[in-house]
Every structure is written in structure tokens, then in C-alpha cells.
Amino acid sequence: MTRQALATACLLAAGGAWADDRVADTATPARTLVFADEFDGGALDRTKWNVVGMDFWVNNEQQAYLDSPDTIQFASDIEGAQGGALVLRPVYRPGVDTHKDRKADFISGRIHSSGKAEFTHGRIEARIRMPDAEGVWPAFWMLGGGEWPDTGEIDIMEYVGEKDWIGVALHGPGYSGETPLVNKFVFDSGTDATDWHVYAVEWTKDAVLFEVDGRLTYRVTRPMVENYGTWRFDNPKHLIVNFALGGAYPFKTSRIAAPYNGLPQTTVDKIKAGEVAMYVDWVRVYEPLAAE
């Protein structure tokens, strides 16, 4: 990454580099932090994040996104969190959806940093805890601007409610949708996705390395991508954190079709009881490694 590109990323991140004395509690080597949200303020920092509304709909997901304290919350008393935490919570709310072709019975939250914090290369990580609920589809990922998939997508963590594993992927022109560049990370015995974990990528000009708790779990290189299409990972990408329900990926994993596509009744009952949420302790982005 050039000095100019890094400076642009810092500017978009609303104010340059953050100093943070908590960096040492991760596996991240010492380097400049260019974006961070610790979610300690009790409200969404809208200088860093945009909120998606009801017009957005992809992948036959079974929720409508709504900018609401019902779906985008903050908590200071979450066990294991280092200070406050962002809480994305799906809610059963029939009749609220205004999309004429969808009519979802659920609302949920999705935030992204497009136009406010965008990055080309570096280390991107978040500390997240998932719910035990089959058929949910929360994710932490990055997307380039422009038409999908031409500007590339990096899925740092996707979860469909089978708590022993999470998925990662790259998408781009010639390798989108049912892409070969995907991987499942299966947790060691004694832990699973319902515990706190740091999900990260080390993104360079020639590779994307996926990590869980500082452990390399999957590596995709430029030559691997170029077997299928053009490398689209030398351009700026923004951050996305969202909580979807059901739809294509959960359905392809479980083949559950009722009561909702990809979403079983057991999870519907948990959502109605307020037992389902995605907790995000923090999101951080570091400058590229010195060799970049």
C-alpha cells in the first residue's frame, strides 16, 4: 500500500490513527492502528458507520433491516466483553416490513463503513460472540464499491448457526456465488462459535490470510484466484457487520424449508424469546505490514 493510499484510508476513517493501549491483548504485532470502534460509547458512531434500511434484500434472507434500537443495541454488561459491546438482535415483528415483494416477519441490523472508512490491504479483525441458533446468518466481511462481484468481497467470518464451525470466502469476477475459494474452520473440542473469538484477515497485495484467535486457518493467494478470474483485492473495501436470518447459505447447509427458508422453528422460538443476538466487542484495522 502506498503512503498516499494509507493516508486516504486514515482520512476516511474519520480522524487518522487511534492510539489504543489494549492492542497488546490480541495476537496482532505492533503496528499502526488506522481504524477502531470499541463500542464503548453506548450508541452507534455514525461518523464511522452507515445503517442499512428496508430497501435492501439479497439471498432470499428472511429479515428486513431496520435502523432501530430494537435491532442495533449496545451493552456494557456482557460477560467476557472488554468494555461495551455492539449487539445486533433479530426481532420477530410481522407487519413492519414495507418491501412489497418480501414481507418479512423479522427485523434485524446491518451496518457498514462505505464512504467513511475504506481500506486497501492491512490487518482487519473483530472480537465476536455468536448465538446458538441454527439458520441464523450473521457475518463480518468487506466489500468493494461498484457492481458485485467485480470489485471483490472478503468474508472474514460467516456463521449459519452450526456452532462447531464458521466459514470464510473470497468472491470476485469468475469466482462468485458457488466459489471454490471457500473454507470451513472447525473449532477445537471445548470451544465453539458461542465463545468469544477474534476473527481476522491479513490482507496483502498477493494474498488474503484468514485467522481465528491468531491461528492461520486458510490462505488464498493471487495465483489461486487467477485460476478462476481477475484478482480484485488491490482496491479499497469497506467493513460490514450484519445479522441476517435464513436464506441461501443456511438453506444450502441444512435444507430446512419451513417455517422459513433456512430457518427452523426452534430458532424462531428463541428469537421470540429474545435469546438470539450477535455480540461484537470491537472492530480494528491496522496498517499493512512493513514489507507491503
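Position 1 is the first residue of the sequence; numbering continues from there. The analysis underlying the following values was restricted to heavy atoms, covering all of them including side chains, and did not include hydrogens, waters or symmetry mates.
Phe251 is not connected to Val268 by any chain of hydrophobic side-chain contacts under 4.5 Å among Ile, Leu, Val, Met, Phe, Trp and Tyr, and they are in different clusters. Placement of Leu245 and Ile107 in two distinct hydrophobic clusters is found when ILVMFWY residues are connected by side-chain heavy-atom separations under 4.5 Å, directly or transitively. Both Val91 and Met54 sit in one connected hydrophobic cluster of ILVMFWY residues. Membership requires side-chain heavy atoms under 4.5 Å apart, directly or through other members. Connection of Met130 to Phe187 is established within a shared hydrophobic cluster, with ILVMFWY side chains joined at heavy-atom distances below 4.5 Å, either directly or through further cluster members. Under the 4.5 Å side-chain heavy-atom criterion for Ile, Leu, Val, Met, Phe, Trp and Tyr, Met157 and Val280 are members of the same hydrophobic cluster.
Between the side chain of Glu275 and the main chain of Ile271, no donor-acceptor pair closer than 3.5 Å is present. When atom types are taken as modelled, the side chain of Lys48 and the backbone of Phe35 share no donor-acceptor pair closer than 3.5 angstrom. Here the side chain of Ser114 pairs no donor or acceptor atom with the backbone of His238 at under 3.5 angstrom. Listed for the Asn60 side chain is no donor-acceptor partner under 3.5 Å among the backbone atoms of Gly247. Using modelled atom types, one side-chain atom of Asp195 and one backbone atom of Asp192 make a donor-acceptor pair closer than 3.5 Å. Remark: side-chain polar atoms of Tyr199 are not paired, donor with acceptor, to backbone N or O of Ala139 under 3.5 angstrom. A donor-acceptor contact shorter than 3.5 Å is absent between the side chain of Thr191 and the backbone of Asp188. The closest donor-acceptor contact from the side chain of Glu211 to the backbone of Ala200 lies at 3.5 Å or more, if one exists at all. The closest donor-acceptor contact from the side chain of Thr217 to the backbone of Val212 lies at 3.5 Å or more, if one exists at all. In this structure, Ser108 contributes its side chain and Ala244 its backbone to no donor-acceptor pair below 3.5 Å.
In summary, of the residues considered (Asp67, Leu239, Leu86), a side-chain contact (heavy atoms from CB on, under 4.5 Å) with Ile111 occurs for Leu86 alone. The only member of Trp141, Tyr249, Trp137 that meets side-chain hydrogen bond (donor to acceptor under 3.5 Å, both in side chains) when paired with Glu158 is Trp137.
The nearest pair of heavy atoms linking Asp132 to Lys270 is O-NZ, 2.7 Å. The two residues Pro138 and Met278 have their closest heavy-atom pair at CB-SD, 3.6 Å. Here the closest heavy-atom approach between residue Ala193 and residue Ile166 is recorded as CB-CG2, 4.2 Å. What you find for Val225 and Thr230 is that their closest heavy atoms are CG1-O, 4.0 Å. For His112 against Val52, the heavy-atom pair with the smallest separation is CD2-CG2, 3.5 Å. Looking at every heavy atom in both residues, Val168 comes nearest to Ile156 through CG1-O, 3.3 Å.
Counting heavy atoms from C-beta on, the side chains of Arg284 and Glu125 come closer than 4.5 Å. The shortest side-chain heavy-atom distance between Val136 and Pro90 does not fall under the 4.5 Å cut-off. Residues Met142 and Phe233 fail the side-chain proximity criterion, which asks for heavy atoms closer than 4.5 Å. For the pair Glu202 and Leu289, the minimum side-chain heavy-atom distance is below 4.5 Å. Using a 4.5 Å heavy-atom threshold, the side chains of Val198 and Trp282 count as touching. With a 4.5 Å cut-off on side-chain heavy atoms, Ile154 and Leu170 count as touching. For the pair His121 and Thr204, the minimum side-chain heavy-atom distance is 4.5 Å or more. Taking 4.5 Å as the limit, every side-chain heavy atom of Tyr92 sits out of range of all side-chain heavy atoms of Val276.
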Applying side-chain contact (heavy atoms from CB on, under 4.5 Å), run through Asp70 and Arg93 and close with a yes or a no.
-> CA-CA 10 Å; Asp70 292 338; Arg93 196 67 59 79; 3.3 Å; yes
Determine, stepwise, if the pair Leu263 / Phe106 fulfils side-chain contact (heavy atoms from CB on, under 4.5 Å).
-> CA-CA 11 Å; Leu263 193 67; Phe106 304 90; 3.9 Å; yes
Evaluate the criterion side-chain contact (heavy atoms from CB on, under 4.5 Å) for residue pair Arg89 and Phe243; output intermediate values, then yes/no.
-> CA-CA 7 Å; Arg89 185 180 300 280; Phe243 198 133; over 6 Å; no
Determine, stepwise, if the pair Lys252 / Glu178 fulfils salt bridge (Lys or Arg N to Asp or Glu O under 4.0 Å).
-> CA-CA 11 Å; Lys252 290 176 183 177; Glu178 299 296 331; 2.5 Å; yes
Go through the steps for Glu287 and Arg31 under the test side-chain contact (heavy atoms from CB on, under 4.5 Å), then give the verdict.
-> CA-CA 7 Å; Glu287 68 178 352; Arg31 57 211 272 194; 4.0 Å; yes
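Between atom NZ of residue Lys237 and atom CZ of residue Arg232 there is a gap of 9.0 Å, rounded to the nearest 0.5 Å. Taking OG from Ser176 and CG from Asp150, the interatomic distance works out to 8.5 Å, rounded to the nearest 0.5 Å. Between atom CZ of residue Arg110 and atom CH2 of residue Trp49 there is a gap of 12.0 Å, rounded to the nearest 0.5 Å. Of the inter-residue distances, the one linking Ile256 atom CD1 with Thr266 atom OG1 reads 7.0 Å to the nearest 0.5 angstrom. To the nearest 0.5 Å, atom CD of residue Glu61 and atom OH of residue Tyr260 are 15.5 Å apart. Taken from CH2 in Trp196 to CD1 in Ile78, the straight-line distance is 7.0 Å, to the nearest 0.5 Å.
The environment of CG in Asn227 is crowded: more than 12 heavy-atom neighbours from other residues, nucleotides or ligands sit within 6.0 Å. More than 12 heavy atoms of other residues, nucleotides or ligands sit less than 6.0 Å from atom CZ of Arg222.
By the 30° and 60° cut-offs, the orientation of the rings of His171 relative to Trp148 is tilted. Between Phe39 and Phe74, the ring planes lie tilted relative to each other; the angle falls in the 30° to 60° range. A tilted orientation is assigned to the rings of Phe56 and Tyr65, their planes being inclined by 30° to 60°.
Cation-pi geometry between Arg123 and Tyr286 is not met: the NZ or CZ atom fails to fall both under 6.0 Å from the ring centre and inside 45° of the normal.
For Phe210 and Phe185, the distance between ring centers is not under 6.0 angstrom.
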